[in-house]
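All figures in this text were calculated on a predicted structure; none of them were measured in a lab. Naming convention: chains lettered A, B, ... in sequence-line order (proteins, then strands); numbering from 1 in each chain.
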Number of protein chains: 2
Amino acid sequence: MNTSTNSGADHRLICTVDVVLLTLRDAQLQVLLIKREREPFAGALALPGGYVHASVDQDCADAARRVLRDKAGLPSPYLEQLASFSGPARDPRGWSVSVAYVALVAAPQAPQPGQHWLPVDELPQLPFDHGRIVATAVDRVRNKSQYSSLPVHLCAEPFTLPQLHGIYEALLGEPINAVSFRRKMDELGMLEPVPGAKLAQGPHRPAQLYRLRDEFRRTLSLAGRGLNA
Amino acid sequence: MNTSTNSGADHRLICTVDVVLLTLRDAQLQVLLIKREREPFAGALALPGGYVHASVDQDCADAARRVLRDKAGLPSPYLEQLASFSGPARDPRGWSVSVAYVALVAAPQAPQPGQHWLPVDELPQLPFDHGRIVATAVDRVRNKSQYSSLPVHLCAEPFTLPQLHGIYEALLGEPINAVSFRRKMDELGMLEPVPGAKLAQGPHRPAQLYRLRDEFRRTLSLAGRGLNA
DNA sequence: CCAATAGTGTCTGTTAGACAGTATTCC
DNA sequence: GGAATACTGTCTAACAGACACTATTGG
């Protein structure tokens, strides 16, 4: 096969991005699914996604942000490349490559028409290989939650340590020692107390509010030895 | 822009795979580079890579294995997807997506003509964004070596624990406590002693030879709390 | 027996978890 | 003052690192 400087049709493939947008609602990890308007699988619930447009996107992450903006109406949440999925059968339109991203958001506004938040552990069959993509994303997020600051992106700022503690527990599905948790968050050094700001949640001592230090808005902080859940 | 069921040229992009094949030589992590025969960058040293061929590849990993077979003359080493790199400028032929893989091999045969092993810390400028891809791969491998069995794939079987110990130290660039190392390898449970097989390296006690348990040939074993280098 | 490396037993320091105690709020 | 939750001090248990010891080979 001659592959010299040919960049014609044989070497050009269907290329898409898919975004697994996750949030925490009712102490459950939930994923945003969109009702597809077009074939294939018109009418089915699927991940927000779309073609990569060479004319408008600077790279695939840019395409993912565009998809999030257009289909989920979101500004720029935490976004991380997950993996690429490819093959002849995953898309009925033909051999395709999808670069998948994970995005995390804190406060899921009321979903707009056609948007559905579903718990990741109770998903129906999804079109394409979206079931597998979601499973990979959930694995990645749960795994990274064991030793990094990733879950802060599921928490609206400012937040209290007990709130963040609850988020880690919901993600990892098991109780985390509260003393160790505070020690670790302290070591990670990513949080700063909002001076004077406390959150009163009821007839008891209010909790200190914290925010992410700017250095950690786009970077994760990694714990040396995990949170040892 | 109409994106209905159109799968025509606008939505088809240049799609390639690149493989970062790493090995350990002279206690240094080295990467395989190939002298490019074709434009662009003909004559330059670059990662082995090529177009994804929808007609022959089952997925991008398959394309990566084909590239390794054809350009590096290798059977099937440890192969793991790294990340995808995309954009209008990384390839002079146009907007492109490259799905990059990391591969690890043990014994680098004498390189064939056009193949060059170079230490990852002393690379020249590489064409495309291959410098960045190699850097990402090296980060990934060094990072995963801290808490997983990944480095066993850099070691020819059967091997002794002191040999494997040396490989971990070379990767992490710092000494690892030998007692802890043995304890960890034991906990990981991925090695089995080859009955009766010892390796005599000189005028001293020979070391027990080990091999990877079959369950771990394609899967990694993860340590709970890292190797604490 | 000596030198050299392989492998083990055991002590010690560090770190995570348990638990109890103090702090602060609303009633 | 009581109830509830936020936070802290301190003991304990688990684990990694240090070090000394034994094991096994060639000379």
Side-chain angles (χ1 to χ4, degrees), chain A residues 27 145-149 155 157-170 172-189 191-211 221-229, chain B residues 27 145-149 152 155 157-170 172-211 221-229:
Chain A
S145 298
Q146 289 173 358
Y147 61 90
S148 84
S149 62
C155 209
E157 288 185 84
F159 48 80
T160 69
L161 280 182
Q163 287 171 339
L164 189 58
H165 184 217
I167 287 183
Y168 272 87
E169 289 190 334
L172 301 179
E174 48 187 335
I176 295 174
N177 182 283
V179 179
S180 302
F181 182 76
R182 280 168 185 278
R183 266 195 298 242
K184 280 290 177 193
M185 288 304 118
D186 197 41
E187 281 169 31
L188 287 178
L191 301 182
E192 58 186 4
V194 183
K198 312 251 176 181
L199 181 63
Q201 290 270 41
H204 56 265
R205 178 173 175 176
Q208 174 66 51
L209 285 164
Y210 290 85
R211 63 176 164 235
S221 179
L222 303 179
R225 286 177 182 73
L227 280 106
N228 291 62
Chain B
S145 298
Q146 290 174 357
Y147 61 91
S148 84
S149 62
V152 298
C155 209
E157 287 186 85
F159 49 80
T160 68
L161 281 181
Q163 286 172 340
L164 189 58
H165 185 216
I167 286 185
Y168 272 87
E169 289 190 334
L172 300 178
E174 47 189 333
I176 296 174
N177 183 282
V179 178
S180 302
F181 182 77
R182 281 168 185 279
R183 268 194 298 241
K184 280 290 175 192
M185 289 303 119
D186 197 42
E187 282 168 32
L188 287 178
M190 62 180 175
L191 302 181
E192 58 186 3
V194 183
K198 312 253 176 179
L199 180 64
Q201 290 269 40
H204 55 263
R205 176 174 177 176
Q208 174 66 51
L209 285 164
Y210 291 85
R211 63 176 163 236
S221 178
L222 303 179
R225 284 177 185 73
L227 280 107
N228 291 63

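The CG atom of A:D186 sits 13 Å away from the P atom of D:dC7 (whole-angstrom rounding). Protein atom CZ of B:R183 is 12 Å distant from nucleotide atom P of C:dG9, rounded to whole Å. Rounding to whole angstrom units, CD of residue A:E187 and P of C:dT15 are separated by 8 Å. Between A:H165 atom NE2 and C:dG17 atom C1' the separation is 12 Å, expressed in whole Å. Between A:Y210 atom OH and D:dA6 atom P there is a gap of 12 Å when expressed in whole angstrom units. At whole-Å resolution of the value, OH in A:Y147 and C1' in C:dA16 are 20 Å apart. One interatomic measurement links the two molecules: CG of B:L199 to P of D:dG26, which rounds to 12 Å at whole-angstrom precision. For the pair A:E174 CD and C:dA16 C1', the interatomic distance rounds to 14 Å; values are reported in whole Å.
Among residues two or more places apart in sequence or in another chain, the side-chain hydrogen bond (donor to acceptor under 3.5 Å, both in side chains) test is passed with B:Q208 by none. Listed by chain and residue number, A:R217 satisfy the side-chain hydrogen bond (donor to acceptor under 3.5 Å, both in side chains) test with A:E157 (two or more places apart in sequence, or in another chain).
Smallest separation of non-hydrogen atoms from B:L191 and B:F159: CD2-CZ, 3.7 Å. Across all non-hydrogen atoms, the minimal contact from A:I176 to A:H165 is O-NE2, 2.7 Å.
A donor-acceptor contact shorter than 3.5 Å is absent between the side chain of B:S221 and the backbone of B:S149.
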Pairs: protein N or O with nucleotides 3-6 of chain C N or O, under 3.5 Å:
{"residue": "C:dA6", "atom": "N3", "partner": "B:R205", "partner atom": "NH1", "Å": "3.0"}

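The CE atom of A:M185 sits 8.0 Å away from the CG atom of A:L161 when rounded to the nearest 0.5 Å.
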